[in-house]
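Worksheet: one structure, shown below.
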Amino acid sequence: GAPVQVDISAVAPGQMITAEWQGKPVWILRRTPEMLATLSKLTDDLVDPMSQRPGFTPEWAQNEHRSINPEWMVMVGICTHLGCSPSSRFAAGTSQGMGSDWLGGYLCPCHGSVFDFAGRVFKNMPAPDNLPVPPYYFIDDTNIMIG
Ligand code: FES
């Protein structure tokens with residue numbers, strides 16, 4: 001499929017937009033400092049905290065924030081269990097399966113898999129892997145090319 005250019009100039013901190021690439025939803029989340037701060041707290045709770053499993057994360061995104069620029073998360077919004085689209089929950093709170101101390105991220109409505117603000121899946125969830133990071137790069141400060 002053709003690469004898709006996305007203008008991110010109007011995305012506010014804490015906001016997410018969805019692009020379409022190869023028929024898949026690609027989420028572009030502008031993470032706040034608070035969202036980023038949650039990532040380093042979760043290492044022991046995650047299946048693959050540095051995203052080293054093959055097939056889901058390009059080498060250049062095998063880091064804690066799973067991205068090129070920590071502020072911008074770009075990932076395919078399709079659950080690695082059976083392909084539902086998780087919903088976002090951008091505030092801390094209670095969730096099924098996570099108790100009362102979930103820091104926020106994504107929750108799959110189909111079988112309850114929970115992911116953090118980098119799309120990393122928590123342990124003991126139906127989803128086996130982190131949400132995929134697609135190939136992408138920054139054309140300039142306000143445009144991303146996906147694909
Ligand atoms: Fe997401 Fe099953 S499809 S948890």
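Both ligands and their constituent atoms are indexed starting at 1 by order of listing.
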Quiz item: Hey, which N, O or S atom on H111 ends up closest to atom 2 (Fe) of ligand 1?
Solution: ND1
Quiz prompt | Shortest-distance N/O/S atom, H81 versus atom 2 (Fe) of ligand 1 | solution = ND1
Quiz item: What about W60 and Y136, are their ring centers closer than 6.0 Å?
Solution: yes
Quiz item: For atom 1 (Fe) of ligand 1, does an N/O/S atom of C108 lie at less than 2.8 Å?
Solution: yes
Quiz prompt | R30 side chain to A12 backbone, donor-acceptor under 3.5 Å | solution = no
Quiz prompt | Under-2.5 Å SG separation for cysteines C110, C84 | solution = yes
Practice problem: Within a distance under 4.0 Å of any heavy atom of S113, pick out the atoms of ligand 1 and give their elements. | Solution: 4 (S)
Quiz prompt | Side-chain H-bond candidate by donor/acceptor type, R66 with T57, under 3.5 Å | solution = yes
Quiz prompt | OG1-CD distance between T32 and E71, expressed to the nearest 0.5 angstrom | solution = 9.5 Å
Quiz prompt | Numbered atoms of ligand 1 (with element) below 4.0 Å of L82, judged on heavy atoms | solution = 3 (S)
Quiz item: Would C79 count as a contact for atom 2 (Fe) of ligand 1, in the sense that one of its N, O or S atoms lies under 2.8 Å from it?
Solution: no
